[in-house]
Amino acid sequence: MKVVALLSGGKDSCFAMMRCIDYGHQIVALANLIPLDDSVDELDSYMYQTAGHQIIVSYAECMGLPLFRRRIHGSTREHSVNYRMTPGDEVEDMYALLHEVKRQIPSVNAVSSGAIASDYQRMRVESVCSRLGLVSLAFLWKQDQITLLEEMIRRDIVAVTVKVAAIGLNPSEHLGRELKDLKLHLLKLNEKYGIHVCGEGGEYETLTLDCPLFHKARIFIDKYKGILDNPNSTIASVGVLHPLSFHLEQKDASYSTSHLPAVFEVEGNPTFTQASSSKPLDSEFDPDKGEQARNFRISSTGKNLLSIGCWIQNSSKTSNGLQEDLAAVLRQIELRLGAEGFGWVNVLYIHLYISDMKQFALANEVYVKYITSAECHFGVPSRSTIELPLVKCGLGGGYVEVLVAREPEKKKVLHVQSISCWAPSCIGPYSQATQYKEVLYIAGQLGLDPPTMNLRVGGPTAELEQALQNSEAVAKCFNTSIFTSTFLFVIYCSARLTSSEKIQVQEKLKSSFDSSDSPAFLYVLASDLPKGASVEVKPVIYAPEVEEETEELDVGKLRTPLENIFGKLQIDKTCYQLCNIKDKLLSCIVSITNTEASKICSQQDDSAFDFQCGSKKHMTIIATFCASIVAKTLCENGFSWNDLVILRFYYPTCLLLSADLMDCVFSEAFLDLARDDESIKFGKEPLFNLVPVIGSGQSAHMDDLITCELLASKL
């Protein structure tokens with residue numbers, strides 16, 4: 001990509017440019033924001049570093065690149081971390097600056113910044129990039145600061161301190177010192193006081209005088225004066241270096257100073273434009289067209305935390321096209337949310353099932369018409385997407401499940417749109433993870449190499465390893481780990497995997513977890529995955545916020561004895577995985593294999609059960625058994641039907657039973673359950689989702705007849 005670099009002059013913004021080049025991008029312009037008054041060295045701003053701004057103009061000559069500069073007219077008016085376009089805010093000066101860069105250099109499609117740990121800065125850069133249609137590159141984001149400091153010095157970044165403001169940093173001694181000379185002192189201060197060695201807490205700021213990107217010249221400061229603020233402070237004096245004179249020393253003898261790169265002063269008021277939240281769809285496309293003729297199916301569970309699913313029941317096995325079907329389904333969910341007094345802001349997580357992964361981009365175009373940052377002001381939902389044989393099963397082109405919370409203000413959303421070395425970016429209205437009342441729902445993670453956003457080479461196990469690393473990076477942001485606190489782990493596998501590759505994936509996954517506290521595993525064989533990936537993982541994590549509850553989760557100790565569950569319901573114990581977390585959370589995976597199905601049916605019917613030629617009679621028996629297992633699991637663990645959050649039944653498309661028949665059989669099974677027990681009250685809508693897959697199960701063989709996935713919560 002062609003990149004404009006946001007430049008403060010500090011070591012971080014310069015090293016971020018070097019990282020851009022490492023990953024094959026091209027720096028084509030520099031952009032810098034400076035105080036309105038030249039005599040001011042440092043602004044009172046969490047957003048911009050301006051110390052040493054008098055020297056930045058020379059960076060154009062040092063690098064041989066055009067420099068765009070703008071004076072900061074605004075101030076901090078929007079104080080929340082999640083930035084919304086605010087006239088008069090200093091962020092709008094960045095918008096005006098980058099808008100002009102894009103106008104003069106239309107080929108620019110990305111912005112580099114040196115953000116390491118500040119969500120405040122990162123999210124403001126991402127907001128501006130979103131409005132301008134640019135990609136944010138933040139290759140230093142969430143990197144270990146000691147490692148960064150050492151690498152900057154090793155790679156010949158010559159930077160001096162232009163501000164010090166921390167205990168242990170004395171202006172008279174440490175102002176104007178080179179970074180490499182301060183390294184050991186900074187490490188000692190980190191060990192003694194916990195300061196950020198890269199200055200992310202405002203401990204110090206630097207000005208780069210030379211680095212490998214300065215091909216043409218380097219900078220020498222000839223004279224400066226130190227300006228002290230609160231010199232009598234008993235904790236830490238603040239000192240700022242004010243340059244009085246400097247000069248450049250040419251590196252390239254053939255370089256002519258008669259043709260210096262242009263320096264553009266960007267003036268005028270910013271044009272306040274918000275990111276487009278809705279592009280017009282094709283004139284032929286209307287989500288409401290033919291809705292009366294469609295047979296929508298809605299499912300709904302729970303009371304405080306609920307799941308709503310919607311799909312198109314179409315026995316003719318045809319589709320109006322993925323875009324039109326998906327828009328119609330999303331519209332129905334939107335109406336259903338509205339009827340409950342909810343909106344998209346209440347949605348924590350979205351499962352997006354589509355009929356053709358080749359049309360993933362078209363599906364996203366529809367998706368962003370409904371789910372937007374403006375609609376979801378507490379944070380956009382997390383999401384997983386897979387391809388399923390929906391049309392073949394008569395379920396239209398799109399099938400959507402949403403997890404809904406009644407108190408959206410209590411959710412915590414991690415949404416990083418910048419491409420970085422940390423974890424894959426989410427450029428759009430879907431987030432890496434959402435935490436709600438002690439449960440962390442991580443978005444479906446592919447084996448993407450974060451800085452390149454390409455699938456890791458080496459086959460399915462290499463992709464799985466990378467996907468686990470990505471998931472762990474996300475989990476760490478919530479002070480938890482997928483390896484100690486996951487209680488439900490879903491693995492989507494591509495149908496392209498060979499039998500041996502599936503087994504290798506399972507072995508790799510099992511070796512990554514301690515057998516004594518491994519989560520319940522669910523494998524789902526999907527027609528295809530985004531980017532043609534081999535695997536996609538989806539951990540659900542117990543992540544309490546109260547300190548006394550943060551001990552490592554021992555799933556093994558939390559399992560309910562199977563004898564207390566089954567009673568007269570006979571099933572092999574190996575087909576059943578259950579986790580009850582402190583009587584607050586309950587997850588369960590039940591695998592009805594062909595063998596188990598035969599046993600279940602033989603108890604009530606003498607005729608042989610044929611997996612490939614399942615009959616309605618036998619499926620009715622199995623559906624009744626599944627409903628009973630769900631009821632008994634909830635009851636024996638002290639959970640009610642109102643606590644039910646997710647109830648899915650996966651079935652393979654090789655069954656010679658239609659989606660209509662499956663829906664009818666399972667609906668009748670739960671109605672029979674309610675008729676037999678007056679304490680059970682079901683609404684008009686089914687409380688389960690039937691999901692057609694290539695295969696599913698608790699092992700990589702994925703050869704179950706029916707797999708049940710249950711999640712209940714009292715939180």
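Being a predicted model, the structure only gives us computed values, none of them experimental.
Listed by chain and number, the residues in a ring pair (Phe, Tyr, Trp, His ring centres under 6.0 Å) with Phe68 are Phe264 (sequence neighbours excluded). Residues passing the ring pair (Phe, Tyr, Trp, His ring centres under 6.0 Å) test with His247 are Phe220, sequence neighbours excluded. For Tyr367, the ring pair (Phe, Tyr, Trp, His ring centres under 6.0 Å) test picks out no residue, with sequence neighbours left out. Every residue was checked against the ring pair (Phe, Tyr, Trp, His ring centres under 6.0 Å) condition with Tyr48, not counting sequence neighbours, and none meets it. Listed by chain and residue number, Lys163 satisfy the salt bridge (charged side-chain N to carboxylate O under 4.0 Å, His left out) test with Glu42 (two or more places apart in sequence, or in another chain).
For the pair Asn470 and Leu446, the minimum side-chain heavy-atom distance is 4.5 Å or more. Val91 is not listed as a side-chain neighbour of Ser127, based on a closest heavy-atom distance of 4.5 Å or more. Between Ile116 and Trp141 there is no side-chain heavy-atom pair separated by less than 4.5 Å. Between Pro66 and Val101, every side-chain heavy-atom pair lies at or beyond the 4.5 Å cut-off. Using a 4.5 Å cut-off on side-chain heavy atoms (C-beta onward), Val537 and Leu464 make contact. Put simply, the side chain of His25 does not reach to within 4.5 Å of the side chain of Asn109, judged on heavy atoms. Put simply, the side chain of Leu137 does not reach to within 4.5 Å of the side chain of Ser113, judged on heavy atoms. Annotation: side chain of Ile56 is in contact with side chain of Arg69 (closest heavy-atom distance under 4.5 Å).
In this structure, a donor-acceptor pair under 3.5 Å is present between the side chains of Ser382 and Thr434. Side-chain contact annotation: His73 with Asp93, donor-acceptor N/O pair under 3.5 Å absent. Donor-acceptor pairing under 3.5 Å is recorded for the side chains of Glu78 and Ser80. In this structure, a donor-acceptor pair under 3.5 Å is present between the side chains of Thr76 and Glu90. The closest side-chain donor-acceptor pair between Ser418 and Ser425, if any, does not fall under 3.5 angstrom. Judged purely by distance below 3.5 Å, without hydrogens or angles, the side chains of Glu472 and Gln445 never pair a donor atom with an acceptor atom.
With respect to the salt-bridge test (charged N to carboxylate O, under 4.0 angstrom), the residues Glu126 and Arg122 qualify. We find that Glu61 and Arg218 are not joined by a salt bridge, their nearest charged nitrogen and carboxylate oxygen being 4.0 Å or further apart. Salt bridge Glu465/Arg456: present, at least one basic N to carboxylate O contact under 4.0 Å. Between Arg19 and Glu151, at least one side-chain nitrogen of the basic residue sits less than 4.0 Å from a carboxylate oxygen of the acidic one, meeting the salt-bridge criterion.
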*Test Lys437 against Glu407 for salt bridge (Lys or Arg N to Asp or Glu O under 4.0 Å), laying out the working first.*
CA-CA 10 Å; Lys437 293 188 175 181; Glu407 301 174 288; 2.7 Å; yes
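In terms of modelled atom types and a separation under 3.5 Å, the side chain of Gln435 and the main chain of Ala543 share a donor-acceptor contact. Arg71 contributes a side-chain N or O that, together with a main-chain N or O of Pro35, makes up a donor-acceptor pair within less than 3.5 Å. Glu265 places no side-chain N or O within 3.5 Å of a backbone atom of Arg70 that could act as its donor or acceptor partner. Looking only at distances, a side-chain donor or acceptor of Thr86 sits under 3.5 Å from a matching main-chain atom of Arg84. For His53 (side chain) and Ile34 (main-chain N/O), no donor-acceptor pair under 3.5 Å exists by modelled atom type. In this structure, Ser8 contributes its side chain and Gln49 its backbone to no donor-acceptor pair below 3.5 Å. The closest donor-acceptor contact from the side chain of His174 to the backbone of Asn170 lies under 3.5 Å. No donor-acceptor pair under 3.5 Å is formed between the side chain of Gln466 and the backbone N or O of Asp449. Side-chain atoms of Thr161 come within 3.5 Å of backbone atoms of Gly176 as a donor-acceptor pair (strictly under, hydrogens ignored). Within the 3.5 Å criterion, the main-chain N or O of Tyr46 finds a donor-acceptor partner in the side chain of Gln121.
Within the model, atoms CZ of Phe246 and CD of Gln54 stand 8.5 Å from one another, a figure rounded to the nearest 0.5 Å. Distance check, rounded to the nearest 0.5 Å: CG of Leu98 to SG of Cys129 gives 6.5 Å. Atom CZ of Phe15 and atom SG of Cys211 lie 10.5 Å apart (nearest 0.5 Å). Distance OG/Ser481 to CG/Leu440: 11.0 Å, rounded to 0.5 Å. Taking CG of Asp222 as the start and CG of Leu244 as the end, the distance is 10.0 Å to the nearest 0.5 Å. Note that CD1 of Ile167 is 11.0 Å distant from OG of Ser237, once rounded to the nearest 0.5 Å.
Taking each heavy atom of Cys198 and Leu148 in turn, the nearest pair found is SG-CB, 4.1 Å. Residues Phe478 and Lys412 approach most closely at CE2-O, 4.0 Å, considering heavy atoms. Contact detail for Ile419 and Pro450: the closest heavy-atom pair is CG2-O, 3.7 Å. When all heavy atoms of Pro408 and Val345 are compared, the pair lying nearest together is CB-O, 3.4 Å. Scanning both residues, Ala166 and Ala236, for their nearest heavy atoms gives C-CB, 3.4 Å. The two residues Leu228 and Pro171 come nearest to each other via the heavy atoms CD2-CB, 3.4 Å.
A ring-centre distance under 6.0 Å is not found for Tyr441 and Tyr436. Phe214 and Tyr59 have their aromatic ring centers within a separation under 6.0 angstrom.
Geometric assessment of Arg131 against the ring of Tyr95 yields a positive cation-pi assignment under the 6.0 Å and 45° thresholds. Within the cation-pi definition used here (under 6.0 Å to the ring centroid, within 45° of the axis), Arg124 does not qualify as a partner of Tyr83.
Counting non-hydrogen atoms of neighbouring residues, nucleotides and ligands closer than 6.0 angstrom, the NZ atom of Lys251 exceeds 12 such neighbours. Environment of NZ in Lys180: sparse, with no more than 12 heavy atoms of neighbouring residues, nucleotides or ligands closer than 6.0 Å.
Of the options Ile442, Thr484, Val474, a side chain to side chain contact (heavy atoms under 4.5 Å, CB included) to Ile541 is made by Ile442 and by none of the others. With respect to Met94, the side chain to side chain contact (heavy atoms under 4.5 Å, CB included) criterion is satisfied by exactly one of Ile72, Asp89, Val111, Val128: Val128. Exactly one residue among Asp12, Ile157, Leu213 makes a side chain to side chain contact (heavy atoms under 4.5 Å, CB included) with Thr208. That residue is Ile157.
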Per-pair distances, 0.1 Å, donor-acceptor, side chain in residues 183-196, under 3.5 Å, sequence neighbours excluded:
unit_1	atom_1	unit_2	atom_2	d
His185	NE2	Gly168	O	2.8
Asn190	ND2	Ile195	O	2.8
His196	ND1	Glu203	OE2	2.9

